[in-house]
Novice: 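After the structure tokens below, expect a handful of questions from me.
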Number of protein chains: 2
Amino acid sequence: MWNHGGMVLPRDYTRQNCSMARALEIVGERWTLLIVRDAFFGVRRFSDFSRHLDVPRAVLTERLGLLVAEGVLEREPGPRGGYLLTDKGRALWPVLRALVGWGDEYCAPRGPRRLFDHAGCGGRIDPDGRCRDCGAAVAAADTVMSPGPGFDPPVGDEVVTAALARPRRLLEPIR
Amino acid sequence: MWNHGGMVLPRDYTRQNCSMARALEIVGERWTLLIVRDAFFGVRRFSDFSRHLDVPRAVLTERLGLLVAEGVLEREPGPRGGYLLTDKGRALWPVLRALVGWGDEYCAPRGPRRLFDHAGCGGRIDPDGRCRDCGAAVAAADTVMSPGPGFDPPVGDEVVTAALARPRRLLEPIR
DNA sequence: ACGTTCGGTTCGGTCATTGAACCGACATGT
DNA sequence: ACATGTCGGTTCAATGACCGAACCGAACGT
């Protein structure tokens, strides 16, 4: 393995002299952003990430460890504590929102799969993160996510999949 | 190889029922977002991407081919035509801006490496893409990028690296 | 005409990812 | 007490992706 605890110049985006390259060293690997997305959706436990994402558990172990080491997630105290987003992790919300917005516009012929509304006033949230009604920049914690027209009803009976089929406030734990 | 020209359900983020997973199928692989970033910076030619990113040329060939196949880039006509961002590609700018903003805030102790200003009125552009002075949402084509306090002066003498050390308007070709 | 650059392709070695099996600690049921 | 299941991982062999270097024909510079 390449990193974990040692020096923190992994891959070799290093020479790029660009903050995006640094950011991608942390969240640019396969599965990582999907793990962070699930954390925004309220997933906190190893087994829930594993079942919902269907990622190999060895990879999940490595990614969660890296995200904790980089300060994106933190471990809940206790023997079987979950993984929670830190401030640094919650600051990734604009990145995820922008990616979802792009995917909705160009990769979702039946329209958005998930809609994001401002919990305060109920207005739809624009692609750039502003409430269409009150104009405020809306944080993840004030965002309510509901299934959109492109949403496919889930087939499995997992707790996580089922929970995401109903309107939910972001960051609220699923269990 | 897994895709290229055939059906378009590569990897297996497929079951995720989320536009972000679809987006990551296109731009989530190693190097891809850095290639797109360079395209915003005005890079158009295979050899310039290759030199500036120091990516293996076989990988660059594959990534450029995939981005063209997905409609993010298009090929300039002619024998040695460059790679240009399409509308779909230019729509990725908010994603890159958000990533750069996050990296600047959490991975750049000496401050931002690149500053983004509104070409119209000269105001700094906020992390969410608005001009601090005039309040408008600024498109990439109206953005001027300059070196910031965290910028390290380049060592090499490549055309691309040298060009990025001076203020430049995004999407303007480097040569 | 000649060397150089461009835009790749091919190749072997290395590294990462995958799916499956395995594991101890803990909880639950009977 | 005992069995059975869940949780949070680790280990392993096989596959796939990536890397660096070499090679190649077509276009360009002079």
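A note on names: the letters A, B, ... follow the listed sequences, proteins ahead of strands, and every chain is numbered from 1.
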Novice: Specify the angle, to 10°, made by the local axes at the two ends of the helix from C:dA1-D:dT30 to C:dT30-D:dA1 when five pairs are taken at each end.
Specialist: 30°
Novice: Think A:Arg75 has a side-chain N or O under 4.0 angstrom from the OP1 or OP2 of D:dG9?
Specialist: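 For D:dG9, OP1/OP2 do have a side-chain N/O of A:Arg75 under 4.0 Å.
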Novice: For B:Arg175 and B:Asp48: C-alpha separation, side-chain torsions, deciding distance, then whether salt bridge (charged side-chain N to carboxylate O under 4.0 Å, His left out) applies.
Specialist: CA-CA 10 Å; B:Arg175 59 165 137 193; B:Asp48 285 336; 2.6 Å; yes
Novice: Over how many whole Å does the gap from B:Glu62 atom CD to D:dA17 atom C1' extend?
Specialist: 8 Å
Novice: Measure from CH2 on B:Trp31 to P on D:dG20 and round the result to the nearest Å.
Specialist: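 Roughly 8 Å, once rounded to whole Å.
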Novice: Rounded to the nearest angstrom, tell me the gap between atom CG in B:Leu66 and atom C1' in D:dA17.
Specialist: 14 Å
Novice: Kindly indicate, with the supporting measurements, whether the criterion salt bridge (charged side-chain N to carboxylate O under 4.0 Å, His left out) is fulfilled by B:Arg169 and B:Asp117.
Specialist: CA-CA 9 Å; B:Arg169 187 187 281 247; B:Asp117 295 318; over 6 Å; no
Novice: So A:Val59, base contact, sugar-phosphate only, or nothing? Heavy-atom distance under 4.0 Å.
Specialist: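 Base contact.
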Novice: Would one find a side-chain N or O of A:Ser47 under 4.0 angstrom from OP1 or OP2 of D:dG8?
Specialist: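 Answer is yes, contact under 4.0 Å.
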Novice: Just how far, in rounded Å, is P of D:dC19 from CG of B:Asp54?
Specialist: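 The distance from CG of B:Asp54 to P of D:dC19 comes to 10 Å, rounded to the nearest Å.
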Novice: Output the rounded distance in Å from CG (A:Leu60) to P (D:dC7).
Specialist: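 For the pair A:Leu60 CG and D:dC7 P, the rounded distance is 13 Å.
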Novice: Check the distance between D:dC19's C1' and B:Glu29's CD and give it to me in whole angstrom.
Specialist: 15 Å
Novice: Does A:Arg45 place a side-chain N or O at less than 4.0 Å from the phosphate oxygens OP1/OP2 of D:dC7?
Specialist: yes
Novice: Cation-pi check, B:Arg75 to B:Tyr83: give yes when NZ or CZ is under 6.0 Å from the six-membered ring centre and within 45° of the ring axis, no otherwise.
Specialist: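 Yes, a cation-pi geometry.
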Novice: Within the structure, does a side-chain N or O atom of A:Arg51 lie under 4.0 Å from either OP1 or OP2 of D:dC7?
Specialist: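 Result: yes.
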Novice: Would you kindly give the CZ-to-C1' distance between A:Arg57 and C:dG19, to the nearest whole Å?
Specialist: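 To the nearest whole Å, that distance equals 10 Å.
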Novice: Check whether any side-chain N or O of A:Tyr83 sits under 4.0 Å from OP1 or OP2 of D:dC7, and answer yes or no.
Specialist: no
Novice: Heavy atoms, side chains only, cut-off 4.5 Å: are B:Cys134 and B:His118 in contact?
Specialist: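 Yes; the side chains approach each other to less than 4.5 Å.
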Novice: Answer whether the closest heavy-atom distance between the side chains of B:Arg114 and B:Phe151 falls below 4.5 Å.
Specialist: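 Answer yes - side chains close enough.
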Novice: Are A:Arg80 and C:dA27 close enough that a side-chain N or O sits under 4.0 Å from OP1 or OP2?
Specialist: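 The answer is no; no side-chain N or O of A:Arg80 sits under 4.0 Å from OP1 or OP2.
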Novice: Please tell me which of A:Arg175 and A:Ala58 maps to the more 5' nucleotide of DNA chain D, matching each residue to the nucleotide holding its nearest heavy atom.
Specialist: A:Arg175
Novice: CZ of A:Arg30 versus C1' of D:dT15: gap in Å, rounded?
Specialist: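 From A:Arg30 CZ to D:dT15 C1': 13 Å.
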Novice: Is there a side-chain contact between B:Leu24 and A:Leu33, using heavy atoms and a 4.5 Å cut-off?
Specialist: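 SC-SC contact between B:Leu24 and A:Leu33 confirmed.
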Novice: Quick one, B:Pro173 and B:Arg44 - any side-chain contact, counting heavy atoms below 4.5 Å?
Specialist: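 Yes, their side chains come closer than 4.5 Å.
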